[in-house]
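Below is one structure; the comments refer to it alone.
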Amino acid sequence: MNISRFFPRPHRAAVSAAALMLWLGPQAAARADDKPTVTPYGLVEFDAVYSTRNTNPLDPNQFNGYLTAAAPDAIPTGKTDSTTGAPITVKGDKATSTFNPRFTLLGIKAEHEGLKAVGEFDFYGSDGIGLIAPRLRLGYIDLTTENGRVTLGQDWLPIMSSHPAAMDFSIMGYGGNLWIRLPQITYRHKASDTFEVLGTLFRNERSGFTDPSLLPYVGARAAYTGSGLFALSAAFRSFKVDAGGKEEGATSYLVGTEVSLPAGPVTLSGELGLGAGLGNEFFRFGQAMNGKDPVMTIVGWANVVYPMDDWTFALGYGHDNPKNDDLKGSAGGQYTVNQRIFGNVVKHIYKGFKVGGEVTQAMTSWVGDTKSYAGQQVMLSGFYSF
């Protein structure tokens, strides 16, 4: 039926367009529903930091990353001056302060019928002229089914995945908390409403970090999430090391547990792990090996969190305690124990805007030094998440 003949010629085009829209409407809606939902998100943070430890001697280019106490007057970096050939050392016993906006991060998430893609970056990078460049943090694809989820790409470490309530954005790196964001293939299976198991392959794949292995870690985690959390994790990797011009086999492993329990108005949480050869994949840069031998260590942390109206209070402790016998003959730059005590308070001001303050006490002993060192850090922060 030609409906346009009932209308004057000037209106025929408009009527035809209206009829076309009526017909296309449900089709267009169906196609629109078939598109992913795209959501931007982010965090803008400003930190004012005062520290008596100056920079960390393990990473002198980063003010507030891997927190250790004040170091000896001269810690060898393992590097030599290209002109004189003399060993390069760093000092870590001066107080200093800084303003720091670099933990600002931006991300985008796309979701559609069980499929999710995430890309996220922050500004803890740099370029050749010292500007603050963005750095990839997350970049992964999730495929969710009725009872499982597959993750492909760079995501958080899938085992030992709890984190303490510290405000310092290194999340107690070198202080007992094993974490990083790294490439992985992970499958999570939801066995019941309260029990999940996962299997994973993961490894660090970033330039500038040495890695003795061409193979990934194989890991697993089982977690109960009923009235609290109880989880067991394990990971293993074998690799070759250079032993005086010939290759020898070595292994790296980790076994650990996570616990989080509500106790009245507070929540008690913690982790405890035992491992050997734990390095870049666990945010322990430079601490995995003593020459050709993996270093065994005990890591752990515990904290209590008390939320009250618009306030949140937290108090915690962490330690990383390598086996002293495994450190004998070390060239330096490795700690025999690193400990942290922290306390913080966060005030929820308005919607996603919060302010907070944190005081941290760090205590460190170093290989080849009989003295123990202590350092303090105070951080005041304002952050808005969206």
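For this chain, numbers begin at 1 and follow the sequence in order. This is a predicted model, so every value here is computed, not measured.
Under a 3.5 Å cut-off, the side chain of D155 and the backbone N or O of Y140 do not form any donor-acceptor pair. Side-chain atoms of E271 never come within 3.5 Å of backbone atoms of G256 as a donor-acceptor pair (strictly under, hydrogens ignored). Within the 3.5 Å criterion, the main-chain N or O of D325 finds no donor-acceptor partner in the side chain of N290. Within the 3.5 Å criterion, the main-chain N or O of A231 finds a donor-acceptor partner in the side chain of T257. E120 contributes no side-chain N or O that, together with a main-chain N or O of Y41, makes up a donor-acceptor pair within less than 3.5 Å. Remark: the backbone N or O of I171 is paired with a side-chain donor or acceptor of N177 at under 3.5 angstrom. At distances below 3.5 Å, not a single donor-acceptor pair connects side-chain atoms of N280 with backbone N or O atoms of N204. A distance-only check finds no donor-acceptor pair linking the side chain of D122 to the backbone of R137 [under 3.5 Å]. In terms of modelled atom types and a separation under 3.5 Å, the side chain of Q361 and the main chain of V359 share no donor-acceptor contact. Between the E281 side chain and the F202 main chain, no donor and acceptor come within less than 3.5 Å of each other.
Residues V345 and V266 share a hydrophobic cluster, clusters being chains of Ile/Leu/Val/Met/Phe/Trp/Tyr side chains in contact below 4.5 Å. A single hydrophobic cluster is not seen to contain both F383 and F342; linkage of ILVMFWY side chains at heavy-atom distances under 4.5 Å, directly or through other members, places them apart. Cluster membership check: M172 does not share its hydrophobic cluster with I180, using side-chain heavy-atom separations under 4.5 Å among Ile, Leu, Val, Met, Phe, Trp and Tyr. Cluster membership check: V304 shares its hydrophobic cluster with W311, using side-chain heavy-atom separations under 4.5 Å among Ile, Leu, Val, Met, Phe, Trp and Tyr. F195 and L232 fall into different hydrophobic clusters, where Ile, Leu, Val, Met, Phe, Trp and Tyr are joined by side-chain heavy atoms under 4.5 Å apart, directly or via other members.
Screening S162, P164, S260 against S269 for a side-chain contact (heavy atoms from CB on, under 4.5 Å) leaves a single residue, S260.
Using a 4.5 Å cut-off on side-chain heavy atoms (C-beta onward), K323 and V295 make no contact. Contact annotation: the side chain of H348 approaches that of T312 to within less than 4.5 Å [non-hydrogen atoms, C-beta and beyond]. Side-chain atoms of N100 and F169, non-hydrogen and from C-beta on, do get closer than 4.5 Å to each other. A 4.5 Å side-chain heavy-atom check between F386 and L106 finds at least one atom pair inside the cut-off. Looking only at side-chain heavy atoms (C-beta outward), I298 and H319 come within less than 4.5 Å of each other. The closest side-chain heavy-atom distance from P322 to R284 is below 4.5 Å. Within the 4.5 Å cutoff, the side chain of D320 has no heavy atoms near those of the Q287 side chain. Side-chain contact check for K190 versus R188: every heavy-atom pair is 4.5 Å or farther apart.
The closest side-chain donor-acceptor pair between S252 and Y217 falls under 3.5 angstrom. Donor-acceptor pairing under 3.5 Å is lacking for the side chains of S238 and T251. Neither side chain, Y50 nor Q376, offers a donor N or O lying under 3.5 Å from an acceptor on the other.
Classified by interplanar angle (parallel below 30°, tilted 30° to 60°, perpendicular above 60°), the ring pair Y335/W366 is perpendicular. Under the 30°/60° scheme for interplanar angles, the aromatic rings of F99 and F46 are found to be tilted. Using bins of under 30°, 30° to 60° and over 60° for the plane-to-plane angle, the ring pair F121/F123 lands in the perpendicular bin.
Closest heavy-atom contact between V197 and A222: CG1-CB, 4.0 Å. Annotation for T200 and A220: closest pair CG2-N, 4.4 Å, computed over non-hydrogen atoms. The two residues N338 and L67 have their closest heavy-atom pair at ND2-O, 3.2 Å. Between P183 and Q154 the shortest heavy-atom distance is CD-OE1, 3.6 Å. When all heavy atoms of S233 and E258 are compared, the closest pair comes out as OG-OE2, 3.6 Å. Annotation for A165 and A314: closest pair CB-CB, 3.9 Å, computed over non-hydrogen atoms.
Atom OH in Y187 sits 5.5 Å away from atom OG1 in T145 (nearest 0.5 Å). Remark: D369 CG to T364 OG1 distance equals 11.0 Å, nearest 0.5 Å. Rounded to the nearest 0.5 angstrom, E113 CD and T37 OG1 are separated by 10.0 Å. Between the OG atom in S365 and the CG atom in N321 there is a gap of 9.5 Å [rounded to 0.5 Å]. Rounding to the nearest 0.5 Å gives a distance of 10.0 Å between CD1 of I341 and OG1 of T360. The line from CG of D47 to OG1 of T104 is 8.5 Å long, rounded to the nearest 0.5 Å.
The local environment of CG in L380 is crowded, with over 12 non-hydrogen atoms from other residues, nucleotides or ligands closer than 6.0 Å.
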message: Using the rule given for side-chain contact (heavy atoms from CB on, under 4.5 Å), can you reason through M363 versus S372, listing the C-alpha separation, both sets of side-chain angles and the distance that settles it, and then say yes or no?
response: CA-CA 7 Å; M363 298 154 287; S372 296; over 6 Å; no
field: Full working for side-chain contact (heavy atoms from CB on, under 4.5 Å) between M296 and Y253
entry: CA-CA 9 Å; M296 181 183 293; Y253 67 85; 3.2 Å; yes
task: Starting from the C-alpha separation in whole Å, work towards a yes-or-no answer on side-chain contact (heavy atoms from CB on, under 4.5 Å) for M160 and W179.
output: CA-CA 8 Å; M160 299 290 283; W179 73 275; over 6 Å; no
message: Determine whether F239 and L215 satisfy the following criterion, side-chain contact (heavy atoms from CB on, under 4.5 Å), listing intermediate values before the conclusion.
response: CA-CA 7 Å; F239 52 93; L215 298 174; over 6 Å; no
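Geometric assessment of R102 against the ring of Y124 yields a positive cation-pi assignment under the 6.0 Å and 45° thresholds.
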